[in-house]
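The structure appears below as structure tokens.
Just so we're on the same page: letters track the sequence lines, and every chain starts at 1.
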Amino acid sequence: MAEVTNTGHEQRQIRVEKLKNMEAKGINAYPQIYRPTDTSASLREKYASLPNDTQIDDVVKVAGRVRAVRNSGMFIDVYDATGKIQIYTSLEQATESMKEMLGFLDIGDIIGVEGTVRRTKRGELSVASRQITMLAKSLLPLPEKFHGLTDTDTKYRQRYLDMIMNPETTETLIKRSNIITAIRQLLLGKGLLEVETPLLHVIKGGATAKPFITHHNALDMDLFLRVAPELYLKRLIVGGLPGVFEIGRNFRNEGIDTRHNPEFTMMEVYRQYNDYTDMMTLFEQIVETACMAVNGSLEIELNGRKINLKGPYPRRSMADLVKEYTGVDFMSIQTDEEARAAAKELHVAVTDDTDWGHCLAAVFEEKCEDHLIQPVHVIDHPKSISPLTKEHRNDPRLVERFETFINTWEMCNAYSELTNPIDQRARFEEQVKAREAGDDEADMMDEDFVTALEHGMPPTGGLGVGIDRLIMVLTSNPSIRDIIAFPTMRKK
RNA sequence: GAGUGCGUAGCUCAGCUGGUAGAGCACCUGACUUUUAAUCAGGUGGCCCUGGGUUCGAAUCCCAGCGCGCUCACCA
């Protein structure tokens, strides 16, 4: 190597040269297979009682990524998914091919090592190498070992680097998977059927949200990426399935912040002959099960605050909470005009056509949500903000709905599902009016769904859980981008 | 979408009221069978995010743009 230069690009060049040299010597730097016999964890377990400065004859094969090289290759730190394995190489005993391989090694390479088990003088369990095999030559330098990778942009765009450098990132992603698995098993154990419904919707429905629009060429038809699976899952209930759930992606064309990603994971459950109170119990079980699966306890700490996830959670009506935090009793307010006046009195912005229900909801959002740290079911929402929910059995202004709040975040949304087709059509018509008045989040008329209801849907309880939010709570991550492996990023 | 902070070596960061850039790690050369962020000596490495402007002179000041963070708005 004549000239030695050292930009990132040139560090790569040096490694490419090594790769060429390896190939010239007939070494495949990207072999088809290598089968380790042990992991870092299995060795630590098996040889826990091996004394210092002792070597035994057991031959093992381990594999992982080179993270540090000390003493010209005498000590190499290799990491696999279970942790560190130190590789010890005695130059006196090393074969020529091993010495040659040491010369090719760089931090970041993935290698396999065959050797005997040894604990060094300093007490580090090691593999005394007999043979080192290149499993994947790394051509690019890793971030600095001590400070790691902190640049958020790089962490999100090159998540694999974040995972290599920051174990807690990997841990969070594993917890995410375990949470979803735990929830799935809980629901399957209750006899619910996991189903899949369309992501491409002809009509936007199931939630008040702005959709992404795409186009099908052969049909020459615009389609919406779903904002919610609700209307299809209910059709399956009409069809006679007693209970279904779906865990999958929803897409909403809205802002991005620490709690919102344009695509996010929603779980929805529908169960016949259930009402919203059954869904409250179900949600408590989901939270408890998921929390135990990853934390082993129901006490968690978030933003320095202790939160107890043990159910049952208190049930507080929206109007009741508004009364508690503002002193205003919306249930005693009869007209829209009075409701608007009450909202304005509380400095909550409303327009001249905001109705009683929207006023109540707006006041709740502004004045109450921030207080809801410990889990609480906020129940009995106003009818006008709930187009898919059955009227409350005791009050026609309300519906049988709840949203559970934890850490001020809305974690779920659940109803006694509206099954009356005449009522449903009227609610859709209200939505259409709102839509024509400029509310592009309002629902569209879904005739096909109304037709399904006209055939008869049994009383049904439904529950939608924001899985990402739940994972944020259960892993104590304040940003949704830290619990989604590949969050949506601007084009660079 | 608005406000605000940030953008300097592969990574983590310094860089004063303007005077053409520095450290640690990584990398290269050498020493050392000794280690745990190994150590020691020597070295390489920069479109200072991009484009304009002010100035004799800009990483630094001004304007615009791009990207990221945070807060707010919309929302789960």
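Of the two residues near RNA chain B, A/Met489 and A/Arg252, the one whose nearest nucleotide lies more 5' is A/Met489.
Pair assignment for B/G43: B/C27, on the basis of Watson-Crick or G-U wobble contacts that are both within less than 3.5 Å. Judged by Watson-Crick or G-U wobble contacts below 3.5 Å, the nucleotide B/G67 has B/C6 as its partner. In this structure, B/G18 forms no base pair with any nucleotide, since neither Watson-Crick nor G-U wobble geometry is met with both distances under 3.5 Å. Of all nucleotides present, none satisfies the Watson-Crick or G-U wobble test against B/C48 with each distance under 3.5 Å. Across the strands present, B/A37 finds no partner; the criterion is a Watson-Crick or G-U wobble pair with both atom distances under 3.5 angstrom. B/G1 and B/C72 make up a base pair, with Watson-Crick or G-U wobble contacts both under 3.5 Å.
Contacts of A/Met266 with the nucleic acid, taken as non-hydrogen atoms under 4.0 Å apart, are absent. Using a 4.0 Å heavy-atom cutoff across all strands shown, A/Lys84 reaches at least one base atom of the nucleic acid. Using a 4.0 Å heavy-atom cutoff across all strands shown, A/Asn261 reaches at least one base atom of the nucleic acid. Counting any heavy atom pair closer than 4.0 Å across all strands shown, A/Glu410 reaches sugar-phosphate atoms only and no base atom. Counting non-hydrogen atoms under 4.0 angstrom, A/Ala207 reaches nothing in the nucleic acid. Using a 4.0 Å heavy-atom criterion, one finds that A/Arg122 contacts the bases of the nucleic acid, with or without backbone contacts as well.
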Exercise for the section: In sequence, state the C-alpha distance, the side-chain angles, and the governing distance for A/Glu403 and A/Arg401, and then conclude on salt bridge (charged side-chain N to carboxylate O under 4.0 Å, His left out). Expected result: CA-CA 7 Å; A/Glu403 296 175 314; A/Arg401 173 179 178 183; 3.4 Å; yes
Handout entry: Check against salt bridge (charged side-chain N to carboxylate O under 4.0 Å, His left out), A/Asp109 and A/Lys137
Key = CA-CA 5 Å; A/Asp109 290 348; A/Lys137 181 70 195 153; 2.7 Å; yes
Exercise for the section: Given salt bridge (charged side-chain N to carboxylate O under 4.0 Å, His left out), test A/Glu441 with A/Arg252 step by step and report yes or no. Expected result: CA-CA 10 Å; A/Glu441 291 181 4; A/Arg252 298 191 185 173; over 6 Å; no
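For A/Ser317, the side chain to side chain contact (heavy atoms under 4.5 Å, CB included) partners are A/Ala319, A/Asp320, A/Ile379, A/Asp380, not counting sequence neighbours. Applying the salt bridge (Lys or Arg N to Asp or Glu O under 4.0 Å) rule to A/Glu288 yields the partners A/Lys310; only residues at least two apart in sequence or on another chain are considered. With sequence neighbours left out, the side chain to side chain contact (heavy atoms under 4.5 Å, CB included) criterion links A/Thr214 to A/Leu200, A/Leu223, A/Leu225. With sequence neighbours excluded, no residue forms a ring-ring contact (aromatic ring centres under 6.0 Å, His included) with A/Phe283. Take A/Met74 and apply the side chain to side chain contact (heavy atoms under 4.5 Å, CB included) test, not counting sequence neighbours, and it matches A/Asn71, A/Tyr88. Contacts of A/Lys145 classified as salt bridge (Lys or Arg N to Asp or Glu O under 4.0 Å), with partners at least two apart in sequence or in another chain: none. With sequence neighbours excluded, the residues satisfying side chain to side chain contact (heavy atoms under 4.5 Å, CB included) with A/Lys234 are A/Glu230, A/Tyr270, A/Leu388, A/Glu417, A/Phe449, A/Met457.
Ring planes of A/His377 and A/Tyr313: tilted class, angle from 30 to 60°. A/His201 and A/Tyr232 have tilted rings, their planes meeting at an angle from 30° to 60° on a 0 to 90° scale.
Between B/U44 and B/C61, the two C1' atoms lie 34 Å apart (nearest whole Å). When the C1' atom is used for both B/C27 and B/C11, the distance is 12 Å, rounded to whole Å. The gap from the C1' atom of B/G15 to that of B/U60 amounts to 9 Å, rounded to the nearest Å. Rounded to whole Å, the separation between the C1' atoms of B/C13 and B/A26 comes to 15 Å. Taking atom C1' in both B/G45 and B/A21, one finds a spacing of 13 Å when rounded to whole Å. B/U36 and B/G7 have their C1' atoms separated by 35 Å, given to the nearest Å. Annotation: B/A58 and B/U54 have their C1' atoms spaced 10 Å apart (nearest Å).
Atom CG in A/Asp106 sits roughly 18 Å away from atom P in B/C25 (whole-Å rounding). In this structure, A/Asn253 atom CG and B/C74 atom P are separated by 17 Å, rounded to whole Å. In this structure, A/Gln11 atom CD and B/C25 atom C1' are separated by 11 Å, rounded to whole Å. Computed from coordinates, the A/Glu124 CD to B/A37 C1' distance equals 14 Å when rounded to whole Å. Atom CD of A/Glu369 and atom P of B/A76 are 10 Å apart (whole Å). If you take CD1 of A/Ile480 and P of B/A76, they are 13 Å apart, rounded to a whole angstrom. One interatomic measurement links the two molecules: CZ of A/Arg481 to P of B/C68, which rounds to 7 Å at whole-angstrom precision. One atom, CG of A/Leu139, and another, P of B/G10, lie 17 Å apart when rounded to the nearest Å.
Proximity note for A/Ile14 (side chain, C-beta onward) versus B/U35, B/C27, B/A73: the nearest is B/C27. Side-chain proximity of A/Pro141 to B/U36, B/A26, B/A76: nearest is B/A26. Of all nucleotides listed (B/G67, B/U35, B/A73), B/A73 comes nearest to the side chain of A/Asp257. Nearest nucleotide to the side chain of A/Glu441, out of B/C74, B/C68, B/C27: B/C74.
One finds no side-chain N or O of A/Arg70 lying less than 4.0 angstrom from the OP1 or OP2 phosphate oxygen of B/U35. Contact check, A/Arg12 against B/G10: no side-chain N or O comes under 4.0 Å of OP1 or OP2.
Contacts with RNA chain B (heavy atom under 4.0 Å) in residues 142-151 of chain A: A/Pro143, A/Glu144, A/Lys145, A/Phe146, A/His147, A/Gly148, A/Leu149, A/Thr150, A/Asp151, listed by number. Taking a 4.0 Å limit (strictly below) on heavy-atom distances, residues 154-173 of chain A reaches RNA chain B at A/Tyr156, A/Arg157.
Among residues at least two apart or in separate chains, there is no ring pair (Phe, Tyr, Trp, His ring centres under 6.0 Å) pair with a member in residues 107-165 of chain A. Residue pairs satisfying the ring pair (Phe, Tyr, Trp, His ring centres under 6.0 Å) criterion with at least one member in residues 114-139 of chain A, sequence neighbours excluded, are absent.
At a cut-off of 3.5 angstrom, the base of B/U35 holds at least one donor-acceptor pair with the side chain of A/Gln86.
Inter-residue side-chain proximity for A/Thr54 and A/Arg118 is flagged as unmet; no heavy-atom pair is nearer than 4.5 Å.
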Could you list, one pair per line, each protein nitrogen or oxygen that sits under 3.5 Å from a nitrogen or oxygen of nucleotides 3-5 of chain B, together with the distance?
none

